Amino acid sequence: MHDFEIAQSGGHEGRAVWFRRGARAAFSIPGLILVSAFVGFAGLARDAGLTLAETVFMTGVVWALPGKVVLVGAILAGNGLPAAAFAVALSSVRLAPMVVALTPEMRTARTPTWVLYALSHFVAVTSWVLAMDRFRHVPRPMRTSFYAGLGSTLVLGNMVVVAAVFLIAGRLPPAVSAALFFLTPMYFLTSLWGSARERAGQVAMILGLALGPVFHLLTPDFDLVAAGMVAGLAAFGIHLIGKRRHQA
């Protein structure tokens, strides 16, 4: 209770308290699953010929795991820097809706804009799901501090993990690295399902899973984009129809 009162006052001590709580929130089952995925990424980067410094730097700067996988794939394919940068940027566009949803949950009338820009770097599926789940227990003025602790701990922690695994990746069986790497998509799926605030989100996920193989056969180069757009628009339409019926 005392911590809550300090936090509400907006004092320096209150922010430190909530920063530490955010850091502790990173030590969770989702955080552990994310670490396991970065174990697989470290092995992938090593096999692709990246150096230790390049791999650790990529972890901190690109952060979101799919973007790093795209970048490694572009390197292996021999693509130039503009093409690789465009591919990574395109893969990261999916995070924009998460930033749009998360920012209003943290913003107050006194929140500096640069703070929100800085914290947006930490937005990825794991940090987003954890934050949206925990924010209801965090006073609004302290949410930026909480998320700063959460995001920075996830990033720095996985940079350390990647560095350690990179050095021993040669001893890790390829099948183990691949299995650990694919834990993250499974976690993304279950976490997004559980954190969906409206049924439309779950409908979009079901439709996307069903349409993915179909569009892979029809348009293999744009299967994910096509499946996502069609499933999202269909779920939004179903949501509007249900809303109108409820109002009627």
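All of these numbers come straight from a predicted model, not from anything done at the bench.
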Chemist: Please report the interatomic distance CG(Leu50) to CG(Leu71), rounded to the nearest 0.5 Å.
Modeler: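 Answer for the CG-CG pair, Leu50 versus Leu71, is 7.5 Å.
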Chemist: Around atom NE2 of His216, are there more than 12 heavy atoms from other residues, nucleotides or ligands closer than 6.0 Å?
Modeler: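 No - once you tally the heavy atoms of other residues, nucleotides and ligands closer than 6.0 Å, there are 12 at most.
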Chemist: Are Thr108 and Thr111 side-chain neighbours, meaning at least one heavy-atom pair lies under 4.5 Å?
Modeler: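 A side-chain contact exists here, since the closest heavy-atom pair is under 4.5 Å.
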Chemist: Using the rule given for side-chain contact (heavy atoms from CB on, under 4.5 Å), can you reason through Met106 versus Phe146, listing the C-alpha separation, both sets of side-chain angles and the distance that settles it, and then say yes or no?
Modeler: CA-CA 9 Å; Met106 296 189 292; Phe146 180 88; over 6 Å; no
Chemist: Any side-chain heavy atom of Val160 within less than 4.5 Å of one from Leu156?
Modeler: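 SC-SC contact between Val160 and Leu156 ruled out.
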Chemist: I want to check something: taking the side chain as every heavy atom from C-beta on, are Val138 and Trp18 in contact at a cut-off of under 4.5 Å?
Modeler: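 Side-chain contact under 4.5 Å: yes.
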Chemist: What I'd like to find out is whether the side chain of Phe166 reaches to under 4.5 Å of the side chain of Val56, using heavy atoms alone.
Modeler: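 No, every pair of side-chain atoms sits at 4.5 Å or beyond.
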Chemist: According to a 4.5 Å side-chain heavy-atom criterion applied to Ile, Leu, Val, Met, Phe, Trp and Tyr, with indirect links allowed, do Leu233 and Phe236 form part of one hydrophobic cluster?
Modeler: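 Looking at the clustering, Phe236 is in a separate group from Leu233.
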Chemist: Any link between Val93 and Val99 through a network of hydrophobic side chains (Ile, Leu, Val, Met, Phe, Trp, Tyr) touching at under 4.5 Å?
Modeler: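 No, Val93 does not connect to Val99 through the hydrophobic network.
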Chemist: Are Met159 and Leu167 connected in a single hydrophobic cluster, I mean Ile/Leu/Val/Met/Phe/Trp/Tyr linked by side-chain heavy atoms less than 4.5 Å apart?
Modeler: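 They do share one cluster, since a chain of ILVMFWY contacts under 4.5 Å joins Leu167 to Met159.
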Chemist: Between atom CG of Leu34 and atom CD1 of Ile29, what is the distance when rounded to the nearest 0.5 Å?
Modeler: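 Going from CG on Leu34 over to CD1 on Ile29, the span is 13.0 Å.
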Chemist: Can you tell me how far CD1 of Ile238 sits from CG of Leu207, rounded to the nearest 0.5 angstrom?
Modeler: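 Separation between the atoms: 6.0 Å.
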Chemist: Could you check whether any side-chain heavy atom of Val72 comes within less than 4.5 Å of a side-chain heavy atom of Met58, counting everything from C-beta outward?
Modeler: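 Yes - at least one pair of side-chain heavy atoms lies under 4.5 Å apart.
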Chemist: If you look at every heavy atom in Val62 and Gly67, which pair is closest and at what distance?
Modeler: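 Shortest heavy-atom separation between Val62 and Gly67 comes out as CG1-C, 3.9 Å.
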Chemist: Any chance you could measure Arg46, atom CZ, to Ile168, atom CD1, to the nearest 0.5 Å?
Modeler: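 Here the interatomic distance stands at 10.0 Å.
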Chemist: If you define the side chain from C-beta out and look only at heavy atoms, does anything of Val230 sit under 4.5 Å from Phe215?
Modeler: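 Sidechains of Phe215 and Val230: in contact.
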Chemist: When you look at Arg15 and Thr144, which way does the side-chain contact (heavy atoms from CB on, under 4.5 Å) test go after all the steps?
Modeler: CA-CA 9 Å; Arg15 292 198 174 278; Thr144 51; 3.5 Å; yes
Chemist: On a heavy-atom basis, which atom in Pro104 and which in Ala101 lie closest, and how many Å separate them?
Modeler: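 Result for this residue pair: CD-O, 3.5 Å.
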Chemist: For residues 51-73, pull every pair meeting side-chain hydrogen bond (donor to acceptor under 3.5 Å, both in side chains), keeping only residues two or more places apart or in separate chains.
Modeler: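 Applying side-chain hydrogen bond (donor to acceptor under 3.5 Å, both in side chains) to every pair that reaches into residues 51-73, excluding sequence neighbours, yields Thr51-Glu54.
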Chemist: Mind checking the CG-CZ spacing from Leu52 to Phe57? Nearest 0.5 Å is all I need.
Modeler: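 These two atoms lie 13.5 Å from each other.
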Chemist: How close do Glu105 and Arg140 get, heavy atom to heavy atom, and via which atoms?
Modeler: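 Here Glu105 and Arg140 meet closest at O-NH1, 3.4 Å.
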Chemist: Can you find a heavy atom in the side chain of Pro30 that is under 4.5 Å from one in the side chain of Val129?
Modeler: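 No, too far: nothing below the 4.5 Å cut-off.
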Chemist: Between Ser127 and Leu154, what is the shortest heavy-atom contact and its length?
Modeler: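 Minimum heavy-atom contact is CB-CD1, 3.8 Å.
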Chemist: What is the minimum heavy-atom distance between Gly232 and Ala204, and which atoms define it?
Modeler: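 Reported closest heavy-atom pair: CA-CB, 4.5 Å.
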Chemist: Out of curiosity, Thr153 OG1 to Phe19 CZ, how far, rounded to the nearest 0.5 Å?
Modeler: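 One finds 5.5 Å between OG1 of Thr153 and CZ of Phe19.
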Chemist: Do Val100 and Leu102 land in one hydrophobic cluster if side-chain heavy atoms of ILVMFWY residues count as linked below 4.5 Å?
Modeler: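 Different clusters: Val100 never reaches Leu102 through Ile, Leu, Val, Met, Phe, Trp or Tyr contacts under 4.5 Å.
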Chemist: Check step by step if side-chain contact (heavy atoms from CB on, under 4.5 Å) holds for Val165 and Phe38.
Modeler: CA-CA 9 Å; Val165 173; Phe38 272 93; over 6 Å; no
Chemist: Quick check: do Tyr147 and Leu116 have side-chain heavy atoms less than 4.5 Å from each other?
Modeler: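 Tyr147 vs Leu116: side chains apart.
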Chemist: Between Ser28 and Ala25, which heavy-atom pair has the shortest distance, and what is it?
Modeler: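 Scanning both residues, the minimum pair turns out to be OG-O, 3.3 Å.
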Chemist: Tell me whether Val203 is reachable from Met205 by hopping between hydrophobic residues (I, L, V, M, F, W, Y) whose side-chain heavy atoms are closer than 4.5 Å.
Modeler: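 Per the 4.5 Å side-chain linkage, Met205 and Val203 are not co-clustered.
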